[in-house]
Amino acid sequence: MNGDASIPRGRERYPALRPLGADAFSITSVARDRLLDRDVALTELRPELAADAVAARIVAARIASAADLSVPGVPEVFDHGGGRAARPWVVTALVAAPSVQDLVADGRSARDAEELLAVARTLAETMREVNAGGVVHGALGPDIVLLEGARTWVTGLGPQPWELLSPSDPAGTAEAWSRFTASLRFASPEQAAGEAPGRRSDVYGFGRVLESLLVLGERGEDVPPVAAVRLLGSLQRLRESCVDPTPARRPASFAAVLGELERIEAAALPPRESRPEDVSAWPTAALATITTVHPQADADAVATERIRTVRGRPATPATATATAGAARSARSPKRASGPGSRPRPRRPWSPAARLVVAGAAVLVVTAAVVAHALLVPAGSAPDVVVPQVAGKTVEEAARTLTASGAVVAGQHPTASSYGAGLVSGTDPGPGTSISAGQTVALLVSTGPGETPVPQLAGLDVAGARDALAASGLTLGAISARDGVDRAGAVLGTAPSFGARVPEGTAIDLMIASGRVRVPAGLTGQASQPVIDALAAAGLHAQTVTQDTSEYLTGVVLRVEPGEGARLALGGIVTLTVARYVPPPAPPPPTDGPVPTPSATADRTPVPVATP
């Protein structure tokens, strides 16, 4: 059809309109999809790096990571092309929104602490799904998390270890990892040390994002409400846990991060239906009553004052003065004033009057308790967050826990990677919110013990990491192998399943790449066995016929892509199959005598009769 020739194909379908952003290896532009008439985001290798094979390898690997992923909160990939041999490019959904880092640099501020909590939860949920898909982001930071209204977007996925792995070129693989890590603004300590990123590296990146979100929160209202003070403090402690320089001390996964965020919300904020709209709108007398009967109000005022001091703002005691004034007014009887006023003589109280006053006092106390129950939000009693004490001596850990308000009760020996006699953890674990005075047990290390390698075959990388962590082991190197298994599925481990190894040992994984190779020796064979061989290899076949007088019908003449080509599992291979047609009859001669039957008979042997 004539119309087919005008349909744009490949990279030419997406002309760039204006720049949108750039990093060390690629540039991103707002482009126009000429076929569907819509704006998209086009990311491609920088033109000046067109001859840089390592840069092309990194960009192609990053594109492969995004193309295999479909997660809400990650811009959808519409099209991609190129590769290591050509300039790689990818087209995704357009998200024209500022990053968290942009908001910090521009001096923006968040509306309230609950908004920060919502952003943190959405980001953790997205990253949980990314890791569950067998993908490690590897480049998470406030520079690639975009805030579009109430939506949070995660962009800039890094390459996966098996995408950069080249067994025939180990030096090139090491150079690619080194250059990619050097391009990161928020590389984790283990990445900076030359290791490939893991899931705890993504947790570190989440902590750096949370760090910038807290900066936005500190620019909020001048005097945050008490609930916001607690929430910001809890988020700060979570941030410190996520950016711990030792990966093993960070939360093991984003499922653990989400669990901690839920505990923070439950401890810092009362149920939504019982929250007051604004503490500042409460009656002054009610605030005075709460201050009198509930000492925690004084502690909250101190916490608020500390936040003012940390932020460098002058302390304004207007609210405290008004509250104290109201309390004094409530305690002091009013005196008559004016010309001619004289003090009244004091009369001794009768027993009946004393009884009335005592009854009134009981009523006042009862009313104060009721007012406290109605006005103080549920769950506002101070909670204790169990601090991180792993690696400390028993005495140091006990002092730290006691200073936080917890009660140390008991020690439990346990094998761990920490030296014998050092504290390896607590029960409940660090970061857990408990009631003041609740007991915490110390887990005292007996040194590394031995544990069997668990069965990991069939799990994805995230599940394998959780199983290893539950067994006291860590995740080692990841390599990929082509085959018919789903991408990211664990095929085997080194050491193998059941082997007993010291706790803390790194276990290497062999996972499925999700790609297969076109089998060899297909041309010249009958089409049906070739189709069966492709199906066994995880590929689909489509056939086209070609008339020929040289081969029988059904013989495979060509295979596209060629034998040995690497395709995604379920890819399509086109077979060109012969259809035999007889050759045309030679034309009759136009010159010379026409053979006669007698002439023909002369050339044919005549049988001789037997006597």
Side-chain angles (χ1 to χ4, degrees), residues 100-101 103-105 107-124 141-142 145 147 150 152 203-244 250-251 256-272 275-280 296-316 319 376-388 404-405 430-436:
V100 174
Q101 189 177 34
L103 295 177
V104 172
R108 307 281 185 88
S109 63
R111 286 190 293 272
D112 53 40
E114 291 187 55
E115 181 185 20
L116 302 183
L117 179 63
V119 172
R121 288 194 60 165
T122 303
L123 176 58
V145 175
L147 299 184
T152 302
V203 171
Y204 177 90
F206 173 83
R208 299 302 302 270
V209 177
L210 192 55
E211 180 180 285
S212 295
L213 290 174
L214 289 171
V215 172
L216 297 178
E218 290 178 359
R219 295 173 178 170
E221 50 192 305
D222 185 53
V223 181
V226 170
V229 173
R230 296 198 190 99
L231 195 152
L232 290 173
S234 299
L235 290 178
Q236 177 65 25
R237 287 188 290 271
L238 175 60
R239 181 204 69 83
E240 293 171 355
S241 175
C242 290
V243 299
D244 193 298
R250 301 173 199 154
V257 172
L258 282 169
E260 184 58 30
L261 288 172
E262 291 174 0
R263 286 191 289 271
I264 288 174
E265 182 175 16
L269 301 175
R272 193 167 296 275
R275 299 179 195 172
E277 292 299 324
D278 187 2
V279 178
S280 63
Q296 177 59 28
D298 295 331
D300 292 336
V302 172
T304 304
E305 185 64 27
R306 287 177 179 172
I307 286 185
R308 286 202 195 102
T309 304
V310 169
R311 294 179 179 177
R313 299 191 179 104
T316 54
T319 304
V376 175
S380 62
D383 287 336
V384 173
V385 177
V386 179
Q388 176 65 266
S404 70
T432 304
S433 295
I434 62 175
S435 301

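Values in this document were obtained by computation on a predicted structure and should not be read as measured data.
- The side-chain contact (heavy atoms from CB on, under 4.5 Å) check on Pro387 picks up Val389, Thr400, Leu401, Ser404, with sequence neighbours excluded.
- For the atom pair CD of Glu211 and CD of Gln236, the computed distance is 8.0 Å after rounding to the nearest 0.5 Å.
- Considering CG of Leu213 and CG of Leu235, their distance stands at 8.5 Å, rounded to 0.5 Å.
- Every residue meeting the side-chain contact (heavy atoms from CB on, under 4.5 Å) condition with Ser212, not counting sequence neighbours, appears here in chain and number order: Val100, Val104, Pro142.
- When the side chain to side chain donor-acceptor pair (under 3.5 Å) test is applied to Gln388, no partner is found at least two apart in sequence or on another chain.
- One finds no salt bridge joining Arg237 and Glu240 here, because no Lys/Arg side-chain nitrogen approaches an Asp/Glu carboxylate oxygen to under 4.0 Å.
- Between the CG atom of Leu238 and the CD1 atom of Ile264 there is a distance of 5.0 Å, given to the nearest 0.5 Å.
- With sequence neighbours left out, the salt bridge (charged side-chain N to carboxylate O under 4.0 Å, His left out) criterion links Glu262 to Arg121.
- In terms of heavy atoms, Gly207 sits closest to Cys242 at CA-CB, 3.7 Å.
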What verdict does the side-chain contact (heavy atoms from CB on, under 4.5 Å) test give for Leu232 and Leu116, after you've listed the backbone C-alpha separation in whole Å, the side-chain angles of each residue and the deciding distance to 0.1 Å? CA-CA 9 Å; Leu232 290 173; Leu116 302 183; 3.9 Å; yes
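- Taking CD of Glu260 as the reference point, atom OG of Ser433 lies at 6.0 Å (rounded to 0.5 Å).
- Contacts of Ala124 classified as side-chain contact (heavy atoms from CB on, under 4.5 Å), with partners at least two apart in sequence or in another chain: Phe206, Phe254, Val257, Leu258, Leu261.
- No side-chain heavy atom of Val385 sits less than 4.5 Å from a side-chain heavy atom of Thr432.
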